[in-house]
There are 2 protein chains.
Amino acid sequence: MDTVSRTAERRDALRATAAQRGLDAVLVTNLLNVRYLTGFTGSNGALLVRTDLPDLFGTDGRYTTQAGIEVPDVELVVDRGTVPALARAAVRGNAARMGFESHDLIVDGLAGLEKVLADAAGGGAAPELVSVRRAVEALRAIKDDDEIEALRQACAVADQALAELAAEGALRPGRTELQVGRELDARMLLLGAEAPSFETIVAAGANSAIPHHRPDATELRDGDFLKLDFGATVDGYHSDMTRTVCLGHAADWQREIYELVAAAQAAGRAALAVGTDVVAVDAAARDLIAAAGHGEHFTHGLGHGVGLEIHEAPGIGPQGAGRLAAGMAVTVEPGVYLPGHGGVRIEDTLIVTDDAPELLTLTSKELLVL
Amino acid sequence: MDTVSRTAERRDALRATAAQRGLDAVLVTNLLNVRYLTGFTGSNGALLVRTDLPDLFGTDGRYTTQAGIEVPDVELVVDRGTVPALARAAVRGNAARMGFESHDLIVDGLAGLEKVLADAAGGGAAPELVSVRRAVEALRAIKDDDEIEALRQACAVADQALAELAAEGALRPGRTELQVGRELDARMLLLGAEAPSFETIVAAGANSAIPHHRPDATELRDGDFLKLDFGATVDGYHSDMTRTVCLGHAADWQREIYELVAAAQAAGRAALAVGTDVVAVDAAARDLIAAAGHGEHFTHGLGHGVGLEIHEAPGIGPQGAGRLAAGMAVTVEPGVYLPGHGGVRIEDTLIVTDDAPELLTLTSKELLVL
């Protein structure tokens, strides 16, 4: 299916949600949601999806040409005040109830929107504003084939970047976390990533016990754990992978927690099945770690959805809610962190399917001693 | 001055603003503003600045250690619900009027905040919420020495990256815009940037006439203009520079608009003086371009402030407002774009001082033929 048909399908899905909720229109302001629903990749755009009238896409004059190419199938409104222009169009279309994204619009933005609607309605009734918080994000949780292909490529870039750095000996004692991190980021760009998915984590030795350590001037040393958590963005889609290796040699305690985390991670992956409660997925991995006496050393959720954002629905953790569905893209990333000593996290990005999950991050999870 | 004293000074400045406006407290939710006022670089934090009680810094458990290092001088509140925890503390401190950032807080966030305040007040009066939109951004417009040093480094990284690429012959016919852009980004990372400042613009040939062209598979060709607009982020501060070069040789029309834009850019830089109205700065460059008959080919403002954000106060354009002050960091970036043919933009980042402005982007602005 071509991209235009994909985005039209997505807008139809939002239209169905709107109709169910008795809305004539939905004003989409979140830029990633606009991208999802239209294909537009610029930095300013908004979308008005309507139940009984044509949709309208708004942007400013910088993007007239780009909008024509990326969004050929939605009527274009070019205006410096994108949201006001769409709001006035909604009033002209006699919208009575209009959805808006209360999880995205800022307080000043709502005040401005209310004023524009009242002004445009003149003496008449302005459309009633109704929150549709996270309605588009709910659609985004299920990826279509195009999105899965972008995720596959994003994961492949990360796999390749790490393989090349390891092969060149870049992960060796004497180098610093920062050097390794910057080289990993640079390599991903050269392999075709638009950007790193998030601030790359490189954590050596005791730093590996800090779940979200920011790389610093710490030198890699013989006998260290080296934890690398990173990803690439391709066509707007993010990959997310963590690998932990040993430098020089692996001590018994390192092998022990590595094997524990690897087993928990395999159990988490095996639990990724359509219909499974996300709390049960988390428990599949967490119970193994707890049974080994390390429950308090696994201090975060098991995973999260990934797509146009690095963290999106569904959350997979003890406090999660909901069940897995085919087409969800999720991470599975248990960890055991021994403060002051070191820690291990192993993380993959996978697609939930009606059969076994599809593994997108293909780097080996065998304990690697470099 | 050390960083801790700097951030304490900035909080005192906000405290003075709060006192002027009759506020007991200001709740700062914008993460860059929190960073500016505390030094905190994590991904979740909020700050309560109070006129008669100690300030409070809130973050979650992931950042306890980091907060202790980066924000040693503000009392720490660790809570998964950072903003609610600070709001409850404000009620316990009997705040009657509390400022909040209506240009940052989302609609759902305000509703949640109002509920927390009402619950915490019990039967009593909850603090009245008062918008302090862009109060911290107004402080941020004037950079202190530490910030200027970070900007200097960010500009130096960009200068160096471009110099290395040019010296290696990376800007030559046959290569694509995307290749050049990714290499420029990668080089900045290897030179110590945390990230590119924004999506790097590489525009060859007719694409150079598109002010914000996104690099694509277009090949560089002999006789092309090649426009590069890019920057590096160092310690959170952004640089911004545009250079336009000719590939192989320069035609007369190319030399003509290049010299025009260079003259306009010099005029804009010369107009950067304390007390000058931003509209007059814009006009200093724009009038030259208009006098040469290219007024309609210069389709954007002359420049903008730069700092923790790539675009911040002050805006320098025909619709701008306000006057320059010492310590402002701004860009000067006129352009002439001939649709379908090619365009030139020349941009520097500079600091406004009581004397001549300090030029931070040092790459030559002579017409370079590569």
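Source: prediction; values computed, not measured. Below, chains carry the letters A, B, ... as their sequence lines are ordered, and counting in each starts from 1.
No other option in S131(A), G61(A), G192(A) has as many heavy-atom pairs under 4.5 Å with chain B as G192(A). Among the candidates R62(B), R133(B), E183(B), Q66(B), the residue making the largest number of heavy-atom pairs closer than 4.5 Å to chain A is R133(B). Heavy-atom pairs under 4.5 Å with chain A were tallied for R182(B), R214(B), E199(B); the largest tally goes to R182(B). Looking only at heavy-atom pairs under 4.5 Å with chain B, the residue among D104(A), L178(A), T299(A) that has the most is D104(A). Put simply, of L105(A), L110(A), D108(A), the one with the most heavy-atom pairs under 4.5 Å next to chain B is D108(A).
For chain B, the nearby parts of D185(A) are the backbone and the side chain; heavy atoms of each come within less than 4.5 Å. Proximity to chain A is absent for every atom of Y63(B), based on heavy atoms less than 4.5 angstrom apart. For E194(B), the parts sitting under 4.5 Å from any heavy atom of chain A are the backbone and the side chain alike. For a residue to count as touching a neighbouring chain, one of its non-hydrogen atoms must lie under 4.5 Å from one of that chain's; by this rule R187(B) does not touch chain A. Looking at T41(A), the atoms closer than 4.5 Å to chain B (heavy atoms on both sides) sit in the backbone and in the side chain alike. Only the side chain of H212(A) has a heavy atom closer than 4.5 Å to any heavy atom of chain B. Only the backbone of A193(A) has a heavy atom closer than 4.5 Å to any heavy atom of chain B.
Minimum heavy-atom separation, I106(A) to V107(B): O-CG2, 3.8 Å. Between L189(A) and A186(B), the shortest heavy-atom distance links the atoms CD1-N, 3.7 Å.
S208(B) pairs by the side chain to side chain contact (heavy atoms under 4.5 Å, CB included) definition with A203(B), F225(B), K227(B), not counting sequence neighbours.
By the neighbour-count criterion of 12 heavy atoms within 6.0 Å, atom NE2 of H341(A) is sparsely surrounded, having that number or fewer from other residues, nucleotides or ligands.
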